[in-house]
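Sequence lines set the chain letters: A, B, ... in the order given, protein chains first and strands last, and positions in each chain run from 1. Predicted model only: the values in this text are computed from it and were never measured.
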Protein chains: 2
Amino acid sequence: MAEREVDRSVSQTVKAQLALRDQILSGALRPGERISELQAVETTGASRTPVRMALVRLEEEGLLEAIPSGGFMVKAFSERDISDSIELRGTLEGLAARFAAERGVSARELEPLKECLAAIDELLRQVPISVDAFSSYVTLNARFHALLTELSRSPPLIRQIDRASALPFASPSGFVMAQSALPEAQQILIIAQEHHRVVIDAIENREGARAEAVMREHARLAVRNLRLALRNRTHLDLLPALALIKTATD
Amino acid sequence: MAEREVDRSVSQTVKAQLALRDQILSGALRPGERISELQAVETTGASRTPVRMALVRLEEEGLLEAIPSGGFMVKAFSERDISDSIELRGTLEGLAARFAAERGVSARELEPLKECLAAIDELLRQVPISVDAFSSYVTLNARFHALLTELSRSPPLIRQIDRASALPFASPSGFVMAQSALPEAQQILIIAQEHHRVVIDAIENREGARAEAVMREHARLAVRNLRLALRNRTHLDLLPALALIKTATD
DNA sequence: TGTATGCGTTATGTATACAATAGCGTAGAG
DNA sequence: CTCTACGCTATTGTATACATAACGCATACA
């Protein structure tokens, strides 16, 4: 092997996958652009085999698209693709909440969710919310959604939700950040927190339909606000992977 | 290159993927069993690189599971995993039906669906249904579901539904075949056909909620019947990928 | 001047060689 | 007799060499 420097702590495939994902989400690679394997080899430091494995994984993840004649290109998304993805995730999370409610959840399992809820309450007490607090909010919110998903105890569903969240704008953190660009941001967070509270209450009382409904409403709220945020494209540097949105088309 | 025979009509990667999937679904590889790359190379006729790409794709598809220490094993599913997967797909198809209804569908787009419906009606007129007719039914039913999915015009949703159908028992054909083992099979097909009729009617009349509800009911029917079919394990040779079900655990 | 064809370059698809690690078996000692 | 440690083997992870196909450019002919 040449003078290539190898980091043996993580596999080359994973390293390449992370590096490429970073390049895509940071906008270094534009949507529609073909990804050159050779170039990827240079920028990631891995050799062609792990790079190819990473490309296949990223394609399955939905960030890349196979070109019929060979190779991969960065996928481009329309605004509707994005809102559909959010609604899609909301639907799946709704199902997860219903499963949790119908199948029953012990008080012990609900504990971390309630802690999350309380922590978010604490943050929202600040008006206006500080930048640091907002950053904590993003983390806590992601944690809340992840815990809720787990409550379903359904590996196939959890898997699908993870896949649906792979697209950055469809992840809990993603759309929260997008919404933060809106002037009504704080009000929105308060409504969202109310949703969180209701879903836990519904699960506790084993009301599956109500638990499901509130999660879907939660997503619809996100879709509405994302639309607004995309209208007034101010402070949109916070919106992750804005680079993935198709420019002129659709 | 040695005397290896190469089929140049399809890529080696695709060939390997198909061959391996076949081996898994046919039960040649048992759930939990580790897949040896070398062995896969021999049985598929491709070399290690395309085999590895195929393995990664099959993992993303959900048929394989990565082993932490390296390599892949055939994934095993519990009975609940299976019924959850069906309900999951039903939920997604419900969303697709709602999208179709809310966004509007032209008469021309609905045409193929109605043809499908009529063809199935024709088949169901036979009592009892012949083996050939049942086989046609499986194809037509799969086509109906695929067309319905397309009506949503939502690439992200279509993609997710495809993924959710990757597991054979969660695909439209899969659970129809499973249900066929039941004595009430014909009655079930008639109820299912009624669902098909209702969802088209709802889409035509732009009743999103009704379209969604009927698809979910459609899936719940499938879940109930699959449970029954798994109880009386007679004639279960028709059930695809029964081999994937965990034997003793869960 | 425009188009078509052919050749050359470049990138991807495939195969295989090399490296490293994990699992297993055996042997030795307590 | 059992447990531990060492080494071997088998299998995966990685790198690279080779084959092939696609794209572009240049040239020639209409």
Side-chain angles (χ1 to χ4, degrees), chain A residues 1-21 23-24 28-61 63-75, chain B residues 1-21 23-24 28-61 63-75:
Chain A
M1 201 183 64
E3 70 293 340
R4 185 190 298 282
E5 300 199 12
V6 207
D7 178 1
R8 300 237 167 267
S9 63
V10 289
S11 83
Q12 297 295 300
T13 304
V14 171
K15 195 179 75 176
Q17 190 175 352
L18 293 174
L20 286 172
R21 188 175 8 223
Q23 288 180 35
I24 296 166
L29 298 164
R30 321 280 318 174
E33 187 175 343
R34 185 189 195 122
I35 287 196
S36 155
E37 274 185 16
L38 218 60
Q39 192 181 319
V41 163
E42 282 171 16
T43 58
T44 64
S47 75
R48 278 190 64 209
T49 305
V51 161
R52 283 176 71 75
M53 304 245 303
L55 291 174
V56 170
R57 289 205 137 93
L58 289 168
E59 182 205 353
E60 302 286 340
E61 225 172 80
L63 252 41
L64 296 181
E65 203 174 343
I67 300 172
S69 68
F72 299 91
M73 56 179 263
V74 180
K75 204 158 171 180
Chain B
M1 200 182 62
E3 69 295 339
R4 185 188 299 281
E5 299 197 13
V6 206
D7 178 1
R8 302 236 169 266
S9 62
V10 289
S11 81
Q12 297 295 301
T13 304
V14 171
K15 195 180 75 176
Q17 191 175 352
L18 292 175
L20 286 172
R21 186 174 11 221
Q23 288 180 34
I24 297 167
L29 298 164
R30 323 279 321 171
E33 189 175 341
R34 185 187 196 126
I35 287 195
S36 155
E37 275 184 16
L38 218 60
Q39 191 180 321
V41 164
E42 281 171 16
T43 58
T44 63
S47 75
R48 277 189 66 208
T49 306
V51 162
R52 281 175 74 74
M53 305 243 302
L55 290 173
V56 170
R57 289 203 137 94
L58 288 168
E59 183 205 353
E60 303 287 339
E61 226 173 78
L63 252 41
L64 297 181
E65 203 173 343
I67 301 172
S69 68
F72 298 93
M73 54 179 261
V74 180
K75 205 159 168 178

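- Listed by chain and number, the residues in a side chain to side chain contact (heavy atoms under 4.5 Å, CB included) with A:Arg21 are A:Gln17, A:Leu18, A:Leu25, A:Leu58, A:Glu61, A:Leu63 (sequence neighbours excluded).
- Bending across the helix from C:dT1-D:dA30 to C:dG30-D:dC1, expressed as the angle between its end axes from five pairs apiece, amounts to 10° (10° rounding).
- Here the CD atom belonging to A:Gln39 is positioned 7.0 Å from the CD atom belonging to A:Glu42, to the nearest 0.5 angstrom.
- To the nearest 0.5 Å, atom CD of residue B:Glu33 and atom CD1 of residue B:Ile35 are 7.5 Å apart.
- Distances shorter than 4.0 Å separate some side-chain N or O of A:Ser47 from OP1 or OP2 on D:dA15.
- Between A:Leu20 and A:Ala40 the shortest heavy-atom distance is CD2-CB, 3.9 Å.
- Taking CD of A:Gln23 as the start and OG1 of A:Thr44 as the end, the distance is 7.5 Å to the nearest 0.5 Å.
- Atoms CZ and OG1, on B:Arg57 and B:Thr13 in that order, are 7.0 Å from each other to the nearest 0.5 Å.
- Atom CD in A:Glu59 sits 9.0 Å away from atom CE in B:Met53 (nearest 0.5 Å).
- Straight-line distance from the CE atom of A:Met73 to the P atom of D:dA22: 18 Å, rounded to whole Å.
- To the nearest 0.5 Å, the span separating CZ on B:Phe72 from CG on B:Leu29 amounts to 14.0 Å.
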Which atoms of nucleotides 6-13 of chain D (N or O only) lie under 3.5 Å from a protein N or O atom, and what are those distances?
| residue | atom | partner | partner atom | Å |
| --- | --- | --- | --- | --- |
| D:dT12 | OP1 | B:Ile35 | O | 3.3 |
| D:dT12 | OP1 | B:Glu37 | N | 3.4 |
| D:dT12 | OP2 | B:Glu37 | N | 3.3 |
| D:dG13 | OP2 | B:Arg52 | NH1 | 2.7 |
| D:dG13 | OP2 | B:Arg52 | NH2 | 2.9 |
| D:dG13 | N7 | B:Arg48 | NH2 | 2.9 |
| D:dG13 | O6 | B:Arg48 | NH1 | 2.8 |

